Each structure stands twice: as C-alpha cells, then as structure tokens.
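Values reported hereafter were calculated over all heavy atoms of this structure, with side chains retained and with hydrogens, waters and symmetry mates removed. What you see is a predicted model; the values in this text were computed from it and never measured.
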Amino acid sequence: MEGAQVMLARLLRQGLDPDPVVVSLRGVSDDARKRAGGHDIRYYSLGMTGLSRVPNGLWTLARILRRERPEAILCWMYHAALLGLLAGFLFGPRPRVYWTIRQSLDDPQAFGRTLRLTVRAASVFSRFCDGIIYNSRRALVQHGKAGFHNDIAVVIPNGIEMPAHPNHKARVPRVFGIAARHHAQKDHPTFLRAAARLLGRVPDAKFVAAGHGMTSENQELAQQIRAADLDPQSIELLGPLTDMDPFYRAIDVLVLSSRTEGFPNVVAEAMSYGIPVVTTNVGDAATIVGNTGEAVPPGDDRAVAEAMARMCGLEPAAYAELSRRAARQIRENYELAAIAARYQSVLDADRLETPVWHRC
C-alpha cells in the first residue's frame with residue numbers, strides 16, 4: 001500500500017470515527033481492509049477506472065451520501081477532494097467537506113499530465129471546501145503558492161505505530177535499504193548511481209530494495225541498474241512487502257531518493273525502529289530526520305553517496321546513539337495516538353467550537 005493509504009488505515013484502526021464509511025474511487029483491496037481492521041467499517045467502491053466512469057461515480061457517491069448522511073467528509077488526495085466537494089454540493093444539506101493534501105510540490109514535473117491537471121483544478125476549487133489538512137508544512141506553503149487558498153488550514157503530520165523492540169545495537173553500518181514503488185517520483189536512478197559510487201569506496205556495502213516494481217522482472221529497473229554501472233549482485237530486490245518489520249530489522253540505514261514527497265512514511269517508520277536515514281530534502285523529510293540523519297539535495301547522487309559514506313564511517317557506539325535519537329524523535333513527535341487525536345479535534349471542531357484551525 002502507498003503511504004496515503006497506510007495512514008488512512010492507521011486512523012481507522014485508531015477509531016477515528018465511531019461509525020466509519022470508506023468510499024474508494026476505484027476499489028478496496030483485501031490488504032487495505034486487513035490493515036484498517038475492525039468489522040464495523042462500511043466500504044463502497046465507485047469503480048472509477050477511467051474518465052468515462054466519472055459521471056456514474058459522482059452520481060453513485062451522491063447517492064451514498066444521501067443514504068449515510070455524514071456530518072463530515074474527509075477527502076483523501078486530489079481526485080477525491082474534487083469529487084467529494086462536488087458530490088457534497090449535490091447531497092442536499094451539505095456536510096462539512098475537508099480536504100487532506102498528502103503531497104508536496106517539490107517537483108511537479110514528476111507528476112503525470114492527468115495529475116498535474118487535477119492539481120490545477122483543485123487549486124481553483126480549494127476555496128469552497130470547509131478546510132484543508134496538509135500532512136507537511138512544506139506542502140502547505142507550496143500549495144499556497146500554487147493557488148490553493150482557503151481561510152482555514154492545519155498541518156497534521158502522519159502518525160507512526162512504534163515497534164515493540166527498536167533496534168539500538170552498536171554496529172558498523174553496511175546495509176542500505178530503500179523502500180519505494182518504482183516510479184519517477186521516487187528517483188531510483190539517483191539511489192542506484194549513489195550505490196555504485198559508495199561501492200567504489202566501501203566494497204562490502206550491500207543494498208536492499210522493496211516496493212512495487214522492485215523485482216528482477218522489471219526491465220526498466222534492470223536498465224537503470226546497468227546505466228548506474230551497479231553490480232546487480234550487490235542489490236537484493238524484494239518487490240512489494242505486506243509486512244515491513246523484517247525489512248527494517250535487516251537494514252542499517254534507510255535511503256530516500258525521492259524528487260517529491262509530502263510526509264514520507266518510510267522515513268519515520270525506519271526511524272521508529274532505530275534506523276538512521278539518508279534522505280533527499282523533499283517534503284518534510286528533513287524536519288522528520290532532524291539531527292538524527294542526513295538530508296541532501298534531490299537528484300544529486302554524489303551528495304547521496306557522500307552521506308551514505310559518512311554513515312559507513314560511524315563507530316559502533318556513535319551508530320547506537322544515532323539509532324536511539326532517531327527512535328526518540330519519532331516517539332516524541334509523531335506517535336500515532338497523538339496524531340489521531342489531532343484529526344479527531346478537527347472533525348469535532350464545529351460541534352465543540354474547538355480552535356484547531358489557523359489561517360494560511
């Protein structure tokens with residue numbers, strides 16, 4: 001599952017709403033249902049697999065709203081924001097419609113053409129929703145510059161479930177992991193070139209890659225590995241994982257090479273396990289990492305390799321201290337229960353007259 005879906009599942013599992021209804025634009029996978037937990041969640045699928053299905057999907061959503069009569073609609077990502085707003089107007093007395101923006105605009109060219117058009121349309125209609133929740137400070141600022149204007153907005157970062165036993169062993173870091181679907185936004189070529197550079201200096205370094213498309217059958221990925229002059233035997237391709245726990249426990253350092261992010265879950269998740277992070281400075285990644293890892297410019301494989309080399313140069317005691325600081329950073333700032341309570345305060349704001357909003 002992608003980060004936005006994972007965070008929604010976590011909030012549902014925390015009991016964000018006593019009577020939750022989830023409407024998916026396309027469909028709800030068994031994995032998504034399993035992650036959300038609870039048998040009291042009602043799911044609907046609109047089956048919007050293409051542009052021609054939008055009118056039918058919109059009408060179906062309006063009918064669902066009439067049947068369920070929600071007090072508030074929490075729209076997850078751009079397409080759902082537009083559809084939820086329009087369906088809300090068709091609903092009848094209109095429920096409160098909140099948008100959640102879970103993407104920064106570090107590099108809009110990494111988006112496909114359809115997504116760029118959707119973002120542009122959302123900017124026009126953003127003033128008509130009841131409020132916008134951003135999952136990163138950078139996303140709030142960038143979307144404001146891109147024309148997203150609403151009187152009320154709030155930043156609520158993603159929440160992380162802390163593992164029972166973080167790994168703070170004293171060791172010499174050598175295993176670098178990346179966990180991201182194979183997509184232009186994730187910029188795997190930069191990671192692969194950095195890995196090849198590092199191997200020239202640290203021959204015993206190893207690399208592990210997880211995510212959709214991260215398999216030997218992916219010919220585009222194979223070509224990128226060759227283009228980076230990286231020995232294919234030095235990188236283990238795991239493909240998509242339903243359980244990330246073994247992955248985090250097997251690596252010494254996580255690397256994020258993305259061109260754009262909002263709040264990258266994988267960074268905070270790795271840190272919760274006591275895994276230091278080397279990340280590109282996208283979204284709020286550098287804020288999440290703080291002084292527990294390294295943040296470098298996106299697209300700069302030399303800078304990524306240098307940061308990885310500095311990790312390799314840590315003494316075991318220094319690595320263990322960095323590990324403890326990383327886990328503490330997540331526990332003190334991004335623990336799931338506290339984040340879920342902030343979402344609940346937004347949903348309860350009108351009823352309780354709670355001042356949770358601030359002006360953009």
Side-chain angles (χ1 to χ4, degrees), residues 3 6-7 10 104 135-138 155-180 191 194-195 198 201-202 205-208 210 244-258 261-298 300 303-342:
V6 168
M7 184 56 199
R10 288 173 180 166
S104 70
N135 74 342
S136 70
R137 174 67 56 181
R138 181 174 292 190
V155 175
I156 304 180
N158 289 359
I160 303 299
E161 296 168 298
M162 299 297 295
H165 303 289
N167 189 354
H168 303 309
K169 292 181 180 178
R171 49 182 156 171
V172 177
R174 285 296 183 270
V175 182
F176 293 83
I178 185 170
F191 169 76
L198 183 66
R201 299 169 58 176
V202 186
K206 296 181 175 60
F207 310 97
V208 183
M244 292 294 291
D245 183 86
F247 172 84
Y248 290 129
R249 296 191 184 280
I251 65 175
D252 301 323
V253 178
L254 180 94
V255 181
L256 183 82
S257 56
S258 296
E261 291 282 350
F263 183 106
N265 277 342
V266 68
V267 168
E269 288 173 1
M271 291 171 61
S272 75
Y273 278 81
I275 303 300
V277 173
V278 170
T279 180
T280 47
N281 188 3
V282 291
D284 274 10
T287 300
I288 299 166
V289 169
N291 64 355
T292 73
E294 301 253 2
V296 301
D300 189 339
V304 174
E306 289 292 334
M308 293 163 72
R310 286 192 290 273
M311 289 289 181
C312 289
L314 291 174
E315 295 293 332
Y319 175 88
E321 174 58 24
L322 201 62
S323 172
R324 284 189 289 270
R325 281 167 35 199
R328 185 168 61 245
Q329 169 89 340
I330 302 306
R331 186 171 56 253
E332 293 178 354
N333 296 286
Y334 305 106
E335 198 276 326
L336 179 60
I339 299 301
R342 292 173 65 179

S.K.: Can you tell me which residue among Lys206, Arg174, Arg171 is in a salt bridge (Lys or Arg N to Asp or Glu O under 4.0 Å) with Asp252?
M.R.: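 Checked Lys206, Arg174, Arg171 against Asp252; only one passes salt bridge (Lys or Arg N to Asp or Glu O under 4.0 Å): Arg171.
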S.K.: Within the structure provided, determine whether Leu254 and Ile178 are in side-chain contact (heavy-atom separation under 4.5 Å).
M.R.: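 No, too far: nothing below the 4.5 Å cut-off.
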S.K.: So, do Cys312 and Phe176 sit near enough that their side-chain heavy atoms are less than 4.5 Å apart?
M.R.: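 Touching, per the 4.5 Å side-chain cut-off.
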S.K.: Does Ile330 reach the side chain of Met162, with side-chain heavy atoms less than 4.5 Å apart?
M.R.: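 With C-beta onward as the side chain, the pair touches.
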S.K.: Answer yes or no: is there a side-chain heavy-atom contact under 4.5 Å between Tyr273 and Asp245?
M.R.: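 In contact.
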S.K.: What heavy-atom pair brings Pro264 and Ala285 nearest, and what distance separates the two atoms?
M.R.: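 Closest heavy-atom pair between Pro264 and Ala285: CG-CB, 3.9 Å.
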S.K.: Quick one: does Met271's side chain get under 4.5 Å of Val277's, heavy atoms only?
M.R.: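 Yes. Closest side-chain heavy atoms under 4.5 Å.
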S.K.: Quick one: closest heavy-atom pair of Arg138 and Gly283, and the distance?
M.R.: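 For Arg138 and Gly283, the tightest heavy-atom pair comes out as NE-O, 3.2 Å.
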S.K.: Counting N and O atoms only, with roles assigned by atom type, does the side chain of Gln329 sit under 3.5 Å from a partner on the main chain of Ile288, one being a donor and the other an acceptor?
M.R.: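 Side chain of Gln329 to backbone of Ile288: a pair is present.
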S.K.: Just wondering, do Pro276 and Thr292 contact through their side chains at under 4.5 Å, heavy atoms?
M.R.: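 Of all side-chain heavy-atom pairs linking Pro276 with Thr292, none is under 4.5 Å.
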S.K.: Is there side-chain contact between Leu314 and Val172, with at least one heavy-atom pair below 4.5 Å?
M.R.: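 The answer is no, as the side chains (C-beta and beyond) never meet within the 4.5 Å cut-off.
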S.K.: Please check: side-chain N/O of Arg342 versus main-chain N/O of Val155, any donor-acceptor pairing under 3.5 Å?
M.R.: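 Between the backbone of Val155 and the side chain of Arg342 there is a qualifying donor-acceptor contact (under 3.5 Å).
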S.K.: I'd like to check Pro173 versus Met308 (side-chain heavy atoms, cut-off strictly below 4.5 Å). Are they in contact?
M.R.: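 They are not in side-chain contact.
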S.K.: Is there a side chain to side chain contact (heavy atoms under 4.5 Å, CB included) between Ile339 and Met7 once you walk through the steps?
M.R.: CA-CA 10 Å; Ile339 299 301; Met7 184 56 199; 3.9 Å; yes
S.K.: To the closest 0.5 Å, what do you measure between CZ (Arg324) and CZ (Arg328)?
M.R.: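 Reported to 0.5 Å precision, the distance equals 8.5 Å.
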S.K.: Look at the side chain of Asp284 and the backbone N and O of Thr287, then say whether any donor-acceptor pair between them is shorter than 3.5 Å.
M.R.: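 Side chain of Asp284 to backbone of Thr287: no pair is present.
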S.K.: Identify the two heavy atoms, one from Phe263 and one from Pro157, that lie closest to each other, and give their separation to 0.1 Å.
M.R.: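 Looking at all heavy atoms of both residues, the closest pair is CE1-CB, 3.6 Å.
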S.K.: Is the side chain of Thr280 donor-acceptor paired with the backbone N or O of Pro298 at a distance under 3.5 Å, no angle test?
M.R.: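 No; judged by distance alone, with no hydrogens or angles, the pair does not exist.
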S.K.: Carefully, step by step, assess Val266 and Leu256 under the rule side chain to side chain contact (heavy atoms under 4.5 Å, CB included).
M.R.: CA-CA 8 Å; Val266 68; Leu256 183 82; 3.9 Å; yes
S.K.: Write down the atom of Ala170, the atom of Ala317, and the distance for their closest heavy-atom approach.
M.R.: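 It is CB-N, 4.4 Å.
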S.K.: List the steps and the verdict of side chain to side chain contact (heavy atoms under 4.5 Å, CB included) for Asn135 and Ile156.
M.R.: CA-CA 5 Å; Asn135 74 342; Ile156 304 180; over 6 Å; no
S.K.: List the residues meeting side chain to side chain contact (heavy atoms under 4.5 Å, CB included) with Ala250, not counting sequence neighbours, and say none if there are none.
M.R.: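 Counting only residues at least two positions away or on another chain, Ala250 forms no side chain to side chain contact (heavy atoms under 4.5 Å, CB included).
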S.K.: Quick test of your reading: applying side-chain hydrogen bond (donor to acceptor under 3.5 Å, both in side chains), list the pairs with at least one residue in residues 331-341, sequence neighbours left out, ordered by first then second residue.
M.R.: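 As it turns out, there is no side-chain hydrogen bond (donor to acceptor under 3.5 Å, both in side chains) pair with a partner in residues 331-341 once direct neighbours are skipped.
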S.K.: Within a radius of less than 6.0 Å around CD of Glu161, do more than 12 heavy atoms belonging to other residues, nucleotides or ligands occur?
M.R.: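 Counting other residues, nucleotides and ligands, CD of Glu161 exceeds 12 neighbours.
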S.K.: With distance as the sole test, does Asn281 use its side chain to make a donor-acceptor pair with the main-chain N or O of Val296 at under 3.5 Å?
M.R.: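 Absent.
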S.K.: Shortest non-hydrogen contact from Ala286 to Ala295?
M.R.: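 So the two residues come closest at CB-CB, 3.8 Å.
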S.K.: For Ile160 and Arg10: C-alpha separation, side-chain torsions, deciding distance, then whether side chain to side chain contact (heavy atoms under 4.5 Å, CB included) applies.
M.R.: CA-CA 8 Å; Ile160 303 299; Arg10 288 173 180 166; 3.4 Å; yes
S.K.: Give a yes or no on whether the backbone of Asn291 and the side-chain of Arg325 come within a donor-acceptor separation of less than 3.5 Å.
M.R.: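 Yes; at least one donor-acceptor contact below 3.5 Å.
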S.K.: Which atom names give the shortest non-hydrogen contact between Tyr319 and Gly274, and what distance separates them?
M.R.: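 Smallest interatomic distance, heavy atoms only, reads OH-O, 4.3 Å.
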